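Okay, so here's the structure we're looking at.
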Amino acid sequence: MTALRKNLYLHWLTWVTLGCLVTLVACDYAPQGDASSQPGEDAELTVYRHAMDGAPTSLDPAQASNIYANFIAVNLFDTLYRYKYLARPYQLEPNLAEGMPQVSADGLIYTIRIKPGVQFIDDPAFPQGKGRALRAADFVYSIKRHFDPAVRAQGAWLWQGRIVGLDEWKESGADYDRDVPGLQALDDRTVQIQLIAPFPQLPHTLAHGLSAIVPREAVEAYGPEFAVRPVGSGPFRLAEFDSTRAVLLRNERFRSEPFNLTAEGFDPARQAGLGLEKLEDRIPPLTDRIEVEFIAEDAARWNAFNAGELDFVKVPVSQFDQVLMARDPPALRPDFADRFNLAANLESGFVHTDFNMDDQRIGYHPDPDQDARNRALRCAIIKAFDWPKRNEIFYYGIGQVFPGIIPPAAPEFDPNQDRSAVTRDLDGAQGLLSSYGWYASNLPVLEYGFTSSVTERQMFEQFRSFMADIGYPAEKIRALTYATYGDYARAYLNREVMLITTGWTMDYPDAENTMQLFFGPNATPASNNANYDNEEFNRLYRASATMQPSPLRTAMYRNMNDIVIDDCATISGISRRLILLWRREHSLLPDRSFVGGYFFRFVDVRPAAGSRK
């Protein structure tokens, strides 16, 4: 999901959430029943304690556009599909669906059957407080919500312009009792989706938390409070939630599906020693209680892990030297290896700095000569950027630098691609400036945007030092600082920032998800923050967007990647390597990528006597 740029928290929701959270904290309120439905006071409660470096403001799937909300949403609600727990590369599989979609020969009609016997949890929103059966109509309702302006949902971009009649439903008033021709419940267990044009990535969108299924009764009963009073059919139900933690309890009515190592993609060569074999034939969810601590500060999160208060942590970069004895491949120091398991995961996304092509000082210009000079300036800036130093200082040298916009996590990534776009070339940069008449006296002021933090300020200063090496005056590289990421995002979505540094987390393992970041019609306030608009790129995107994966489509993506590189539209990029640690006695394989929060249901831990209930 996306991504930092999809992580905007809506102000209207914030005040509602804060008010509800006060109630939750004060009353120790368990929205879906009390803890007495879990193991008794004298039973040994199994508890898994997970840390995240940010917090969701809403648990409503309509707002699950950031990693933190998505992690929780996919455990409280159901999606039709998910990713296999252990398979790498990632593979899609049925979750709530009985099987993969039946797809018409023209690729336009998807028919999906839902598993029988799936129940929403008990909740006062239902008659007599008893959760009813989940129906295909609930899926239809849940997708419609993203197109209801009153909901201010964050997932419409996944299906906008894709499903027959859905955009028109929005424009005609978003009446939930009115049918959408392309979004139908044929019966209680059959969903049918009719597309305007082929969209091979559709099943992947149905594995995202944004597509999770909610009951209309609960949404209407609780209104904005549904953000903190979720009612779903997932493997867990909510017991507590505030700005510092979420507590999930096992949903005892979750469907019985024995764990199968082979079906989940187990690879003994890579995954032996994690205790996963003992999960065979057991019924998820395997842990009674999941405690998710939201700890934004690296030091506090690390200290809590070292104090034994957490079972899992994403290691702060500042601690890599303490933890690792080798970088390539990452290996733990003996004292850590005795106690913890390690996963060194390359993120499913990348960090890059876009030029705002709508800014005539650096981007497109109506005068062809000035337009060419601006391109030369952008290319010179890219040539002056020192990726090895950026990687070493801010990512411990273990990030993966790559050229363009197809990150290594994408199956279409080309490991043999020409790397000149990420190779520092000061002579080439200075030559471009001189050839196109750029001198210290006439260079434009570069306005570099970022949120107010020590690390972001250090990155800005490093960028300024890189530019000084080609003669760019320091006073002509200015910081545009913003108090929060929301403020920053609003500014660049309004095209007010010249150089925009953001991260993008892929929503599904297909390079289409990063190609769309530079598709002209997706210009801000949509996902194309660079406001890039290249006719040939747009043509190739339109042609490839309806194609199934194939060598031809991969070649088209790589061609599009080269076009962006040649236009010098972005300084890109690096995929960060995440160092994840968890206690050796626990059986799990954590994931911050496409599996995400789905792995919670498979976590198996030793009983923790005296745990909080």
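Because the structure is a prediction, the values reported are computed rather than measured. Along the sequence shown, the residues carry numbers beginning at 1.
We find that R88 and D591 are joined by a salt bridge, their nearest charged nitrogen and carboxylate oxygen being less than 4.0 Å apart. Salt-bridge annotation for R250 and E252: present, with a side-chain N of the basic residue lying under 4.0 Å from a carboxylate O of the acidic one. Between R327 and E392 there is a salt bridge, since a side-chain N of the basic residue sits under 4.0 Å from a carboxylate O of the acidic one. One finds no salt bridge joining R49 and E291 here, because no Lys/Arg side-chain nitrogen approaches an Asp/Glu carboxylate oxygen to under 4.0 Å. One finds no salt bridge joining R577 and E347 here, because no Lys/Arg side-chain nitrogen approaches an Asp/Glu carboxylate oxygen to under 4.0 Å.
Residues satisfying the salt bridge (Lys or Arg N to Asp or Glu O under 4.0 Å) test with R333, not counting sequence neighbours, are none. Take A87 and apply the side chain to side chain contact (heavy atoms under 4.5 Å, CB included) test, not counting sequence neighbours, and it matches K84, Q91. By the side chain to side chain contact (heavy atoms under 4.5 Å, CB included) test, D53 is found to be paired with Y68, R301, K314, R592, residues two or more places apart in sequence or in another chain being considered. Residues meeting the side chain to side chain contact (heavy atoms under 4.5 Å, CB included) test with A421, sequence neighbours left out: P403, I565. When the ring-ring contact (aromatic ring centres under 6.0 Å, His included) test is applied to F139, no partner is found at least two apart in sequence or on another chain. In this structure N345 satisfies the side chain to side chain contact (heavy atoms under 4.5 Å, CB included) test together with A343, L580, sequence neighbours excluded. With sequence neighbours excluded, the residues satisfying salt bridge (Lys or Arg N to Asp or Glu O under 4.0 Å) with R583 are D311. Looking at residues two or more places apart in sequence or on another chain, you find a ring-ring contact (aromatic ring centres under 6.0 Å, His included) between Y541 and F519. Applying the ring-ring contact (aromatic ring centres under 6.0 Å, His included) rule to Y395 yields no partners; only residues at least two apart in sequence or on another chain are considered. With sequence neighbours left out, the salt bridge (Lys or Arg N to Asp or Glu O under 4.0 Å) criterion links R457 to E461.
In this structure, the side chains of L581 and V323 come closer than 4.5 Å at one or more pairs of heavy atoms. A heavy-atom distance below 4.5 Å is found between the side chains of L310 and E293. For the pair M100/P94, a side-chain contact is recorded, criterion being any heavy-atom separation below 4.5 Å from C-beta on. You'll find the side chain of I283 stays beyond 4.5 Å of the side chain of F254, heavy atoms only. Side-chain contact check for L158 versus L210: some heavy-atom pair is nearer than 4.5 Å. The closest side-chain heavy-atom distance from V292 to M52 is below 4.5 Å. In this structure, V231 and I121 have side chains that are in contact, with non-hydrogen atoms separated by less than 4.5 Å. Side-chain contact between N522 and W157 is absent, with no heavy-atom pair separated by less than 4.5 Å.
The backbone N or O of I405 sits nowhere less than 3.5 Å from a side-chain atom of S572 that would complete a donor-acceptor pair. Remark: the backbone N or O of T501 is not paired with any side-chain donor or acceptor of T353 at under 3.5 angstrom. Judged by distance alone, the side chain of D78 and the main-chain N or O of I213 form no donor-acceptor pair under 3.5 Å.
Counting all heavy atoms, side chain and backbone alike, L589 lies closest to Q271 at CD2-NE2, 3.8 Å. Taking all atoms of both residues into account, the shortest heavy-atom contact from L517 to S527 is CD2-O, 3.8 Å. Of all non-hydrogen atoms in Y48 and L588, the two that sit nearest each other are OH-CD1, 3.7 Å. When all heavy atoms of L261 and L276 are compared, the closest pair comes out as CD2-O, 3.7 Å. Heavy atoms only, all atoms of each residue included: M325 and P334 are closest at SD-CD, 4.2 Å. Summarising the geometry of A207 relative to L92, their closest heavy-atom pair is CB-CD1, 3.8 Å, with the distance given to 0.1 Å.
To the nearest 0.5 Å, the span separating CZ on F394 from CZ on R576 amounts to 13.0 Å. Atom-to-atom distance recorded for I571:CD1 and R390:CZ is 8.5 Å, nearest 0.5 angstrom. A distance of 7.5 Å separates CG of N260 from CG of D281, quoted to the nearest 0.5 Å. Between the CG atom of N66 and the CG atom of N70 there is a distance of 8.0 Å, given to the nearest 0.5 Å. In this structure, N391 CG and I574 CD1 are separated by 3.5 Å, a value rounded to the nearest 0.5 Å. With rounding to the nearest 0.5 angstrom, the CG atom of N528 is 8.5 Å from the CD atom of Q516.
With ring centers used as reference points, F463 lies under 6.0 Å from Y448. In this structure, the ring of F402 has its center less than 6.0 angstrom from the ring center of F350. F450 has its ring centre no less than 6.0 Å from the ring centre of Y482.
Inspection of the Y81 and H204 side chains reveals no N or O donor paired with an N or O acceptor under 3.5 Å. Donor-acceptor pairing under 3.5 Å is lacking for the side chains of S58 and D60. In summary, the side chains of N513 and W504 do present a donor paired with an acceptor at a separation below 3.5 Å, with no hydrogens or angles considered. Looking only at atom types and distance, the side chain of T524 has no donor-acceptor partner in the side chain of N529 under 3.5 Å away.
For residues 309-334, every residue pair satisfying the ring-ring contact (aromatic ring centres under 6.0 Å, His included) rule, not counting sequence neighbours, is listed here: H50-F312, F320-Y396.
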- Query: Could you go step by step and tell me if D354 and L499 meet the side-chain contact (heavy atoms from CB on, under 4.5 Å) rule?
  - Reply: CA-CA 6 Å; D354 295 335; L499 279 83; over 6 Å; no

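Within 6.0 Å of the NZ atom in K278, the count of heavy atoms belonging to other residues, nucleotides or ligands exceeds 12. With a 6.0 Å radius and a threshold of 12 heavy atoms from other residues, nucleotides or ligands, D338 has its CG atom above the threshold.
In this structure, R584 fails the cation-pi test against F340, since its NZ or CZ atom is not both closer than 6.0 Å to the six-membered ring centre and inside 45 degrees of the ring normal. Geometric assessment of R339 against the ring of F336 yields a positive cation-pi assignment under the 6.0 Å and 45° thresholds.
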Expected list for residues 409-417: side-chain donor-acceptor pairs under 3.5 angstrom, two or more places apart:
from : atom 1 : to   : atom 2 : distance (Å)
E412 : OE1    : A511 : N      : 3.0
E412 : OE2    : R553 : NH2    : 3.1
D414 : OD1    : N416 : N      : 2.9
Q417 : OE1    : N561 : ND2    : 3.4

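Partner of F594 under the ring-ring contact (aromatic ring centres under 6.0 Å, His included) criterion, out of Y85, Y508, F599, Y83: Y83 alone.
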